[in-house]
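Counting starts at 1 for both ligands and their atoms, in listed order.
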Amino acid sequence: MTALHPRLVSVYDEVTQRNPGESEFHQAVREVFETLSPVVVKHPEYADAQVLQRLCEPERQIIFRVPWVDDAGRVQVNRGFRVEFSSVLGPYKGGLRFHPNVYAGTVKFLGFEQIFKNSLTGMPLGGGKGGSDFDPKGRSDGEVMRFCQSFMTELHRHIGEYTDVPAGDTGVGARELGFLFGQYKRLTNRYESGVLTGKGLTWGGSQVRTEATGFGAVYFVQSMLALSQRDLEGQRVVVSGSGNVAIHAAQKAQELGAVVVACSDSGGYVVDEAGLDIDLLKDIKNVRRGRMSDYARERGLDHISAGSVWDVHCDVAIPCATQNELGEREARALVAGGVSVVAEGANMPCTPDAVRVFRDAGVAFAPGKAANAGGVVTSSLEMQQNASRDSWTFAHTDERLRSTMTEIHDRCLSTADDYDVPGDYVAGANIAGFTRVADAMLAFGVI
Ligand code: NDP
Ligand code: 2IT
């Protein structure tokens with residue numbers, strides 16, 4: 001572990017003591033703090049105003065019961081969360097995650113990351129996150145609908161276009177957002193498009209929002225490669241996961257000439273040397289709600305459940321599944337296989353030990369806060385379109401996404417230069433994200 005600046009040690013200790021058992025939240029805070037020493041030295045006014053203590057304590061945390069009735073007529077009870085972390089730069093903004101392992105520590109790590117990610121985009125967005133320990137896997141559409149309606153019956157009191165604007169994340173896609181928006185509209189009797197992003201194209205959604213996180217991650221990789229006069233043509237790429245982010249990262253990488261040779265789900269992975277069949281993957285995952293084992297069978301390939309997708313050698317790795325999926329062992333395997341660029345499509349998929357392995361090996365590493373910001377960037381574009389009652393073309397929206405990802409890339413590097421850590425995307429993203437929020441907090445006084 002990198003030592004913390006003395007002014008940050010007591011703040012970090014307080015975070016761990018006040019939030020016991022929330023290891024992912026501790027990890028996300030530590031990762032930001034480890035890069036902030038040069039900021040604390042250059043700007044003692046931030047520490048004097050306790051900006052970090054304040055940022056680590058969410059403005060508001062909502063935990064609620066979500067009762068619903070399953071297809072067998074049994075009452076089920078889940079737990080819902082919305083953590084409204086920071087509204088300094090705009091309404092709380094961040095996704096909802098439905099996954100059985102969601103607990104307060106998951107939502108807090110994601111919400112904390114979101115503050116800096118959203119700030120880094122340069123857009124008027126605060127930071128928040130929510131979700132539930134509900135597992136949509138294996139549930140019928142009717143069960144998912146009843147769950148979403150119950151979830152929104154509580155959540156609707158806390159959100160709004162100027163207050164808090166949720167979107168999708170793991171386990172929350174077009175189907176869930178439809179049920180959530182429908183229930184919000186019914187409860188409030190308002191067609192308030194700006195209350196959720198990721199909406200369907202016929203009811204206020206934006207072109208490219210579905211593709212945005214994966215496409216954006218690949219645009220970020222393009223900028224990383226361009227620094228050494230390379231592009232994606234002919235690069236061997238591996239993604240993990242096979243959900244929204246993974247599929248669209250793979251699609252864009254292949255459109256730009258790469259060969260994406262492997263992807264995974266929690267049951268295992270598939271190596272497809274010819275390059276992933278994106279249409280088949282979309283059909284299996286989005287229409288049939290199937291598994292990578294189905295993809296393997298239909299393509300006549302092996303489905304591998306031992307080891308990890310990171311055992312597959314590649315030039316570019318884009319982890320798009322879940323937090324801490326790529327540890328020291330997997331990082332060493334990637335380095336041995338010749339990886340030169342790693343960009344996080346998921347939130348915090350690489351452990352701190354893995355990041356150290358990449359750094360020591362000279363692998364260019366982009367953190368999720370920067371590389372996966374395309375989702376929230378396009379959510380902000382959706383909010384702009386909703387506010388002006390307009391809708392833009394796919395090409396225009398995609399170009400806005402692409403140019404914003406390039407700006408984020410350049411902002412990371414220029415900030416890293418300003419603070420004498422050249423080439424360090426992690427420090428650049430954290431410092432650029434942090435200082436914009438901190439300056440606004442100083443302007444607002446103690447609130
Ligand atoms: P999805 O639910 O669409 O897909 C998640 C994928 O990851 C599934 O294929 C899932 O497999 C897989 N997965 C989950 N856990 C594991 C595991 N332990 N091992 C292997 N595979 C696993 O989610 P998204 O694609 O939307 O999100 C993926 C990541 O990207 C998350 O970290 C999310 O926070 C982040 N992200 C998402 C954004 C968005 O706009 N959607 C924006 C920015 C970041 P299985 O089906 O077996 O569970
Ligand atoms: O992690 C993320 O940035 C998201 N899940 C997207 C958030 C959003 O509000 O679009």
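Among D135, T106, T213, T170, the residue whose heavy atom sits closest to atom 23 (O) of ligand 1 is T170. For atom 24 (P) of ligand 1, the choice among V245, T210, V239 with the nearest heavy atom turns out to be V245. In the candidate list N101, N347, V172, N347 is nearest to atom 32 (O) of ligand 1, counting heavy atoms. The option with the heavy atom closest to atom 16 (C) of ligand 1, from among T322, T197, N324, I247, is T322. Among V377, N244, D265, the residue whose heavy atom sits closest to atom 41 (N) of ligand 1 is N244.
R97 and E176 are not joined by a salt bridge, as no carboxylate oxygen comes within less than 4.0 angstrom of a charged side-chain nitrogen. Using a cutoff of 4.0 Å between basic side-chain nitrogens and carboxylate oxygens, R209 and E382 are not scored as salt-bridged.
With hydrogens left out, the protein atom closest to atom 46 (O) of ligand 1 is R291 NH1, 3.2 Å, a heavy atom. Nearest protein neighbour of atom 47 (O) of ligand 1, counting heavy atoms only, is S266 OG, 2.4 Å. Regarding atom 13 (N) of ligand 1, its nearest protein heavy-atom neighbour is A321 CB, 3.8 Å. Nearest non-hydrogen protein atom to atom 6 (C) of ligand 1 is G243 N, 3.9 Å.
For E330 and S308, the side-chain atoms include no donor-acceptor pair closer than 3.5 Å. A donor-acceptor contact closer than 3.5 angstrom links the side chains of Y425 and H409.
Contacts with ligand 1 closer than 4.0 Å are made by no heavy atom of E211, backbone or side chain. Of all the heavy atoms of C320, the ones lying under 4.0 Å from any atom of ligand 1 belong exclusively to the backbone. Within the 4.0 Å heavy-atom criterion, neither part of E325 lies near ligand 1.
Below 30°, between 30° and 60°, or above 60°: for F365 and F358 the angle between ring planes is below 30°, a parallel geometry. Ring planes of F64 and F151: tilted class, angle from 30 to 60°. A perpendicular orientation is assigned to the rings of F25 and F112, their planes being inclined by more than 60° (bins at 30° and 60°).
R389 CZ: 12 or fewer foreign heavy atoms inside a 6.0 Å radius.
Closer than 4.0 Å to atom 10 (C) of ligand 1 lies none of the heavy atoms of the protein.
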Before giving the answer on salt bridge (charged side-chain N to carboxylate O under 4.0 Å, His left out), spell out for R82 and D164 the whole-Å C-alpha distance, their side-chain angles and the decisive distance to 0.1 Å.
CA-CA 10 Å; R82 187 72 184 167; D164 183 353; 2.6 Å; yes
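The 4.0 Å heavy-atom shell around ligand 2 contains residues K93, G94, G95, Q114, K117, K129, A167, G168, D169, R209, N347, G375, V376, S379, ordered by chain and number.
You'll find the side chain of N19 stays beyond 4.5 Å of the side chain of V29, heavy atoms only. In this structure, the side chains of N372 and K117 come closer than 4.5 Å at one or more pairs of heavy atoms. By the 4.5 Å heavy-atom criterion applied to side chains, Q251 and F215 are counted as neighbours.
With sequence neighbours excluded, no residue satisfies ring pair (Phe, Tyr, Trp, His ring centres under 6.0 Å) with F81. Applying the salt bridge (charged side-chain N to carboxylate O under 4.0 Å, His left out) test to E211 and every residue at least two apart in sequence or in another chain returns nothing. The salt bridge (charged side-chain N to carboxylate O under 4.0 Å, His left out) search around R30 returns E34, not counting sequence neighbours.
Listed by number with element, the atoms of ligand 1 under 4.0 angstrom from any heavy atom of K137 are 45 (P), 46 (O), 47 (O), 48 (O). Atom numbering of ligand 1 starts at 1 in the shown order; those under 4.0 Å from a heavy atom of R209 are 40 (O).
The minimum heavy-atom distance linking T378 with Q207 is given by the pair CG2-O, 4.0 Å.
Considering backbone and side-chain atoms together, H99 places no N or O closer than 3.5 Å to any N or O of ligand 1. Annotation: G168 places no N or O atom under 3.5 Å from an N or O atom of ligand 1; distance criterion only. Taking any N or O of N372, backbone or side chain, none lies under 3.5 Å from an N or O belonging to ligand 1. Of the polar atoms of R97, at least one N or O is found under 3.5 Å from an N or O of ligand 1, judged by distance alone.
Distances from ligand 1 to the non-hydrogen atoms of G95 include no value under 4.0 Å.
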